[in-house]
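In what follows, a single structure is set out as structure tokens and then discussed.
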Amino acid sequence: MASKLDIGNRALTKLGEARITTFDESSKAAETLKSMFDIVADAELRANVWNFAKARALLPALSTAPEFGYARAFQLPTDWLRTLQVGQYPVYPRPDTRGLFSIEGRQILTDLGAPLALRYIARPESTLQYDALFIEVLACRLAAECAEPICQSTTKATAKWQEYASAVTVAKRANAIERPSQAIADDTWMEARGGSGNHRHYHGD
């Protein structure tokens with residue numbers, strides 16, 4: 001697949017700028033891309049649930065429990081970027097897991113037992129693991145982020161953010177990005193009638 005340099009040059013092409021040969025060359029484009037590539041890549045991995053970046057882990061409990069509030073603490077994986085499921089409880093985007101756990105620093109605090117099953121978005125070890133549609137989305141986002149520092153153009157920035165949104169839509173249609181389940185709101189009329197409306201139901205796409 002694509003290297004960091006390939007993706008950076010894809011972003012520059014979108015801006016109508018000359019390609020670079022290395023991130024270490026003495027140019028505004030190279031310096032800007034080098035400074036922001038990893039930050040923007042992590043932000044995009046957190047912003048959308050990319051299927052290629054999903055991972056699982058069984059976490060052992062740490063020897064030191066939290067001072068209060070939860071029974072156990074677990075160290076998050078070094079490549080963790082976003083939590084998707086803790087134990088048997090999906091946490092994206094369901095609202096009924098509030099209070100089940102707390103992420104503090106690089107630890108997850110919870111009353112659930114060990115080992116703690118965790119599904120999460122992981123930072124890939126290499127851009128060679130990137131999905132093709134993620135590469136296009138990331139290139140669009142880099143172009144949008146770079147438009148003002150490299151081109152001094154808010155017009156180009158606006159256009160590239162629009163292109164980024166379109167690329168995300170394409171990725172969702174192709175199922176490269178997981179579509180979140182939708183929570184059906186409680187029916188307050190049924191609750192008032194003593195019906196079953198106080199139970200939440202969830203469905204996927």
Side-chain angles (χ1 to χ4, degrees), residues 1-17 33 36-57 76-77 79-98 100-101 103 108 117-148 150-151 153-186 200-205:
M1 297 297 288
S3 66
K4 284 187 178 182
L5 185 61
D6 293 330
I7 299 169
N9 277 324
R10 175 72 172 148
L12 290 175
T13 299
K14 289 178 178 295
L15 291 172
E17 295 291 315
L33 283 168
M36 69 170 54
F37 189 100
D38 291 339
I39 296 171
V40 174
D42 279 1
E44 181 53 40
L45 285 163
R46 274 185 58 88
N48 291 295
V49 181
W50 293 92
N51 291 327
F52 80 92
K54 292 178 185 176
R56 296 171 185 245
L76 288 166
D79 59 357
W80 174 91
L81 287 174
R82 174 176 177 170
T83 298
L84 300 179
Q85 182 172 333
V86 177
Q88 63 178 318
Y89 305 99
V91 299
Y92 173 77
R94 294 172 60 155
D96 59 345
T97 54
R98 288 174 293 182
L100 177 69
F101 69 93
I103 293 177
I108 181 168
L118 178 72
R119 289 180 64 243
Y120 65 104
I121 293 296
R123 179 185 297 108
E125 294 181 359
S126 166
T127 59
L128 299 180
Q129 297 172 253
Y130 287 176
D131 179 272
L133 292 174
F134 177 80
I135 291 172
E136 182 63 14
V137 167
L138 179 56
C140 289
R141 185 162 181 167
L142 283 168
E145 298 273 7
C146 289
E148 291 194 52
I150 293 177
C151 308
S153 173
T154 56
T155 301
K156 281 189 176 182
T158 299
K160 294 309 141 186
W161 279 119
Q162 291 172 348
E163 188 175 344
Y164 162 78
S166 296
V168 169
T169 298
V170 170
K172 287 181 178 178
R173 287 175 179 167
N175 294 321
I177 296 175
E178 178 182 289
R179 294 173 182 269
S181 300
Q182 299 297 318
I184 299 177
D186 288 342
R200 292 185 183 272
H201 302 281
Y202 298 87
H203 63 86
D205 289 333

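Throughout, numbering of the chain's residues begins at 1 and tracks the sequence.
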Side chain to side chain contact (heavy atoms under 4.5 Å, CB included) partners of [X], counting only residues at least two apart:
X      : answer
Ala117 : Leu58
Ala176 : Trp50, Asp131, Leu133, Ala171
Glu148 : Thr154, Ala157
Asp38  : Lys4

With sequence neighbours excluded, what pairs up with [X] under the side-chain hydrogen bond (donor to acceptor under 3.5 Å, both in side chains) test?
X      : value
Tyr130 : none
Asn51  : Lys54
Lys172 : none
Lys14  : Glu136, Glu163

For the atom pair [atom1] ([X]) and [atom2] ([Y]), what is the distance rounded to the nearest 0.5 Å?
X      : Y      : atom1 : atom2 : answer
Lys160 : Leu142 : NZ    : CG    : 12.5 Å
Leu12  : Cys146 : CG    : SG    : 7.0 Å
Lys156 : Ile150 : NZ    : CD1   : 10.0 Å
Ile7   : Cys140 : CD1   : SG    : 12.0 Å
Phe134 : Asn48  : CZ    : CG    : 9.0 Å
Leu81  : Glu44  : CG    : CD    : 11.5 Å

- Query: Sub-3.5 Å donor-acceptor pair from the side chain of Thr83 to the main-chain atoms of Gln85, do we have one?
  - Reply: no

- Heavy-atom count around Arg10 CZ within 6.0 Å, excluding the residue itself: above 12? no

Show the nearest heavy-atom pair for residues [X] and [Y], with the distance to one decimal.
X      : Y     : result
Leu45  : Ala53 : CD2-CB, 3.9 Å
Thr127 : Ala2  : OG1-O, 2.8 Å
Trp80  : Arg46 : CH2-NH1, 4.0 Å

- Item | Arg123, Arg82, Arg141 screened by salt bridge (Lys or Arg N to Asp or Glu O under 4.0 Å) with Asp42, the one that passes | Arg123

- Query: With sequence neighbours left out, what residues match Asp6 under salt bridge (Lys or Arg N to Asp or Glu O under 4.0 Å)?
  - Reply: none

- Item | Residues which pass ring pair (Phe, Tyr, Trp, His ring centres under 6.0 Å) with Tyr164, listed by chain and number, not counting sequence neighbours | Trp161

Side-chain contact test, heavy atoms from C-beta onward, threshold under 4.5 Å: evaluate it for [X] versus [Y] and give yes or no.
X      : Y      : result
Phe37  : Leu138 : yes
Ser153 : Thr158 : no
Leu118 : Leu76  : yes

